[in-house]
Amino acid sequence: MPEVRELEWLRESKPSERMLGYPQAICEALDQALALDPRVFVMGQGVDDPGGMFGTTKGLHNTHGAARCFDTPLAEASMTGVAIGAALGGMRPVYMHNRSDFLFLTLDQLVNHASKWHYMFAGAVSVPIVVWACIGRGWGSGAQHSQALQGTMMQYPGLKVVMPSTAYDAKGLMLAAIADNNPVLILEHRHNFKYKGAVPEKVYTVPIGKGVVRRAGSDVTIAGISNMVNEALLAAKDLAAIGIDAEVVDLRSLRPLDETLVLESLRKTGRLVVTDSGWKTGGVAAEVAAIAAEKGLEFLKAPVRRVTCPDVPTPSGYTLEQAFYAAKDDIIEAVRTIVPPRR
Amino acid sequence: MPEVRELEWLRESKPSERMLGYPQAICEALDQALALDPRVFVMGQGVDDPGGMFGTTKGLHNTHGAARCFDTPLAEASMTGVAIGAALGGMRPVYMHNRSDFLFLTLDQLVNHASKWHYMFAGAVSVPIVVWACIGRGWGSGAQHSQALQGTMMQYPGLKVVMPSTAYDAKGLMLAAIADNNPVLILEHRHNFKYKGAVPEKVYTVPIGKGVVRRAGSDVTIAGISNMVNEALLAAKDLAAIGIDAEVVDLRSLRPLDETLVLESLRKTGRLVVTDSGWKTGGVAAEVAAIAAEKGLEFLKAPVRRVTCPDVPTPSGYTLEQAFYAAKDDIIEAVRTIVPPRR
Amino acid sequence: MNIPRETLLSLYHDMLRTRRVEESIESLYHEDQMKTPIHLYIGQEAIAAGVCAHLRDDDPIFTTYRSHGQYLSKGGDLNSMIAELHCKETGCSKGRGGSMHLIDLSAGHYGSSAIVGGCLPIATGMAFAKKAQGSDAVTVTFFGDGATEEGIFYESVNYAMLKKLPVVFVLENNEWAVCSHVSTRKIGENLFHGADPEHLYTAKVDGNAVLDVYEEAGRAFAHARSGKGPAFLECMTYRIRGHAGSGSDADLGYRSPEDIEVWAKRCPIRSFRAWLLREEVETPIELERMDAQIETEIENAFAFATASPLPKGEDLLLHIYGE
Amino acid sequence: MNIPRETLLSLYHDMLRTRRVEESIESLYHEDQMKTPIHLYIGQEAIAAGVCAHLRDDDPIFTTYRSHGQYLSKGGDLNSMIAELHCKETGCSKGRGGSMHLIDLSAGHYGSSAIVGGCLPIATGMAFAKKAQGSDAVTVTFFGDGATEEGIFYESVNYAMLKKLPVVFVLENNEWAVCSHVSTRKIGENLFHGADPEHLYTAKVDGNAVLDVYEEAGRAFAHARSGKGPAFLECMTYRIRGHAGSGSDADLGYRSPEDIEVWAKRCPIRSFRAWLLREEVETPIELERMDAQIETEIENAFAFATASPLPKGEDLLLHIYGE
Ligand SMILES: Cc1ncc(C[n+]2csc(CCOP(=O)(O)OP(=O)(O)O)c2C)c(N)n1
Ligand SMILES: Cc1ncc(C[n+]2csc(CCOP(=O)(O)OP(=O)(O)O)c2C)c(N)n1
Ligand SMILES: [Mg+2]
Ligand SMILES: [Mg+2]
């Protein structure tokens, strides 16, 4: 892994505040939830491994016991159902996957069941489960181990979907998801794990459904999620150097999506670049662009741009990976096609 | 079922031509493929039932034998894999589901495997399978038996997705899908089955990836798929009566999507309504609206409108179903919000 | 086995009531007031009755689209069920679910899925929760022979065995999945019958003999409730009616009308009635009285449903999320 | 069993070659020229060798991310494999797949999946095609103990039994799935061992004894090739290295270093070498020569891979669809 890059502007904190690694922030959220609420448990392949799911669950089985944090068989479909049933029985399961690709095995339970049980029975029961899945990336993870499935996952009524981009949000959204009475999917991106951020020790939640402006600007709105927010911030810095003042919006939650925030920003800047780590067609960027076309047309001074991964399975080779992943420079390029040069 | 409504404008034919029911058109395609190509076989729960999958496979097991058209156990995940393996072994399977909701059980095989096998092995092998799934609707089918999943399914590189709207296309796209060397998903809508259309007896294909203008018009483009094309045509008729001249574009194929056709139409009309039988958020309509925002902004004289089902699981009750499903009137309403009144 | 008289009568009452409900639904279905698919339980009543007789209100059950019998035998409210079949606001799922999605929490019925096999892991998870909470409740899930072909069945039973969960898997093998005979979908005995008895209590029973079901289910529950782990109970029966909708489908030609005849003759209710009379558990007059009382109850339920309001279109967006 | 000398030597050669390849990969992995996850097969070589010895080029196999051994024993090209590990354009998957996605059609290797259990139904489908085409080819799929927990395993074997498909399911039970011991994921014997022998030929064998594997696999193939249906072969072995990457993981603390020691001592290659010498099948000098020849072959393969070009970024969009 490359060295930890701390983006100062991600710190919602004074220098005196405590800095915590991104995975540790998730771990702290789980630890606090386990301590505070006896209904909570954490399950998933390898949550009690020495690595502790990239550190996000490290040691929880020791602190809280094997009954509260436990490994599962390789049976993602049924284990999702087990989580649903446990939730119906009054528990609050957190089910963790180290690759989001495995979600495909669970969709009958997650979408046909978890996301609909409340509705089909007109509210008689709720299914408070948290599913956490991590998007893999790099080192030849390849087509079956690095899919970013948020575009698919944001489509299902009844299922909330969030994607944090900072350690602060990773903790706060995990606690909010556990507190929520509905199925919540947290899609995490492996690249975020290299960050540190200011994370209060106290228990706090970040509201599901609210985005946040990470950098105010007037020339263009860059709306992104998860790791692409960091790329957007890096892009904004470079753009500032050439006189373009970008506003960076972190969507943070995909369902519900903070449409108002996007439209407010667009009203101000008149230009929109949407950036996502998923595929282009039918993905997150499509939805945000559609909102602009539907409700923000009057503000649009230039075409919307989507900066995403291209519509191809993830290749394994390093050179192809480099070509595949969208990053800072792609955002800058997209911005420059719609913002007139300043200097 | 309500009586068969034949929309004259759907007939690409002279009155002398043969009219065929929609399910029978599919059945004829399968029959011809089975007769012409010994590699083809048809599998699926109930394909050899008395009903013959709503008539689409009726009698095929008698004509072509039980080895070419056969029932499967209730094991959608593995049966998809069986189809993939058979394709790798030189066969051309057509796997039919009577409800598209069951696709969720198959996505690991369909998306993680079928759609990627060609790419992961750099073209060494191909996976020519056809998956056909029918979107249920009405009579309290409810949340788990009437999902329209095209928004999800159009996102996966390597998987082609088509949705016919006429009997002619249903036959031609089935034959094209069988001839294609890639996994092709045909999403069918139950509501189409009440139509008849002109269907040549000969073997023909409809190109995957090409949309078609079903009605030329100058005031607004209504882009739709599958059964919503029929609603769009009905809407266009009513709109004509109040002086609004709508162009109706049948996307027909979602992946690849005929972007050019949409943009050409938009260039002409300057206004766009997208209509789909799926959910709004992240769905087909989002992608088409995004294309407009990205590449058609200069043509847009008014905001894009999406006419879809709302973001809620399908209810069972009749009154709620009525409120849930988008139809002709919703399209008319949407058009009227963006086209100035003519009379 | 020495079964108390009240239990015997209650088994009979349960079966008869379910049958009469199904017959009423069937006879009224053509009127199109129940705009929802129906999957009748006729001929399988002994299974729900015999199994549910062992259950407490706090023993959760999960069912399928073919669940009128289980819902009623578990104590689900009849009015709410009939109203749900009419998709009325007073239905157990307020018309959002329809016939395939019944629920009655007060009776411990936690819902039914229209996805074959869908409830198997969910019931397993419920059992997990009950065990974690220190309760001695036993969770039950009913499912058809078709569901045993789904991988999730295997995964669920495996997990229940691994964690010794108090869950009883009740397979209603009625030989058919829609128009497919079980012999065309499966070969050989269900593998779980060969599981180590230490890990899984298994039994196979005539599903049309209510006392056999009752007895075997009793053992399965004793096993599960005492913390010894899951049980798997296969009940052999037959689907008398068509897969969905009302009436016989003997004319469709996919199965032999004689088979249907044979099984119809093995009616679990008729034979048990004869037994009750033979053993002088009850008099014919009292049994008739029971029948009449059931008829009234059902008439009232239909009247309730018919009089109830439909959901309002503007309420479409309610109940997507829980508070 | 009377095994021809060439077969004995070829079994040894296969195992030794795989081991040397794995050792070379392992020793060079830290150089970061192979930018792809690796899953070493060290200690399990007898399984691939013993099974593949029975296979013809037209017998298809499907494997997992841990498939270097099966790929090589089946006759997959070494140069293409090492180049693929370097994600080079000359690799068997032109650098699109990496170590987890090997293929060599000329050797009948149809690909490997990084999804646990992913190839089980695909192999079943291939067997379906072969049978439909009237071929007597037998399809093989290798998979780990973890894969048997997935429902798709159950579904696939069921289907193979139902349709009497010529497929052999080779379970490599190496006790571990990443850091989870099989005993924490499963309880009791694999249920398929209890299947009716009419429907499934089953055997369990010491996976570190190449002759045992060879013999049992021979029976399984004879069964499948003669049209009697599928077979299930469970090979008991142990994962000596960490789940992924290079080197020992004995220090991680999730398993006992003594266990690893014990199993390392039961090296299938060392014991077979001793046997070959004891039985005077071959002389030590010839075995050394074999080793040296293998070393040269491997050096050449690495040289080939190193000298080969990387895929070009502008070719990213190739190979999405087939013609
Ligand atoms: C996963 C899934 N596949 C297919 C279907 C379609 N389907 C509905 S009921 C049914 C038959 C199921 O048979 P069985 O499990 O034996 O139950 P029974 O109807 O006999 O009670 C099928 C195939 C479904 N609902 N869910
Ligand atoms: C469906 C799925 N779930 C989880 C994983 C993550 N994973 C990769 S390998 C592995 C262990 C599999 O163990 P086993 O099947 O015994 O094979 P082994 O690694 O021992 O060869 C796991 C859990 C995966 N790749 N696919
Ligand atoms: Mg059945
Ligand atoms: Mg293993």
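Throughout, protein chains are lettered first and strands after them, A, B, ... in sequence-line order, and every chain is numbered starting at 1.
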Side-chain touch C:Glu150/D:Glu155, heavy atoms, less than 4.5 angstrom: yes
Structural part of D:Ser183 lying under 4.5 Å from a heavy atom of chain C: backbone
From CD1 (D:Ile152) to CD1 (C:Ile152), nearest 0.5 Å: 12.0 Å
Engaged part of D:Tyr159 at the chain C interface, taking heavy atoms whose separation is under 4.5 Å: neither
Top of D:His193, D:Arg185, D:Glu189 for chain C proximity - count of heavy-atom pairs under 4.5 angstrom: D:Arg185
Interatomic spacing from CG in D:Asp196 to CG in C:Leu191 - rounded to 0.5 Å: 10.0 Å
Non-hydrogen atoms of C:Leu162 and D:Thr184 that approach each other most closely: CD2-O, 3.4 Å
Parallel, tilted or perpendicular: rings of D:Phe192 and C:Tyr154 (30°, 60°): tilted
Inter-residue atom distance C:Ile187.CD1 - D:His199.NE2, 0.5 Å rounding: 3.5 Å
4.5 Å side-chain heavy-atom contact, D:Asn158 and C:Glu149: no
Atom CD of D:Gln133 with >12 non-hydrogen neighbours under 6.0 angstrom: yes
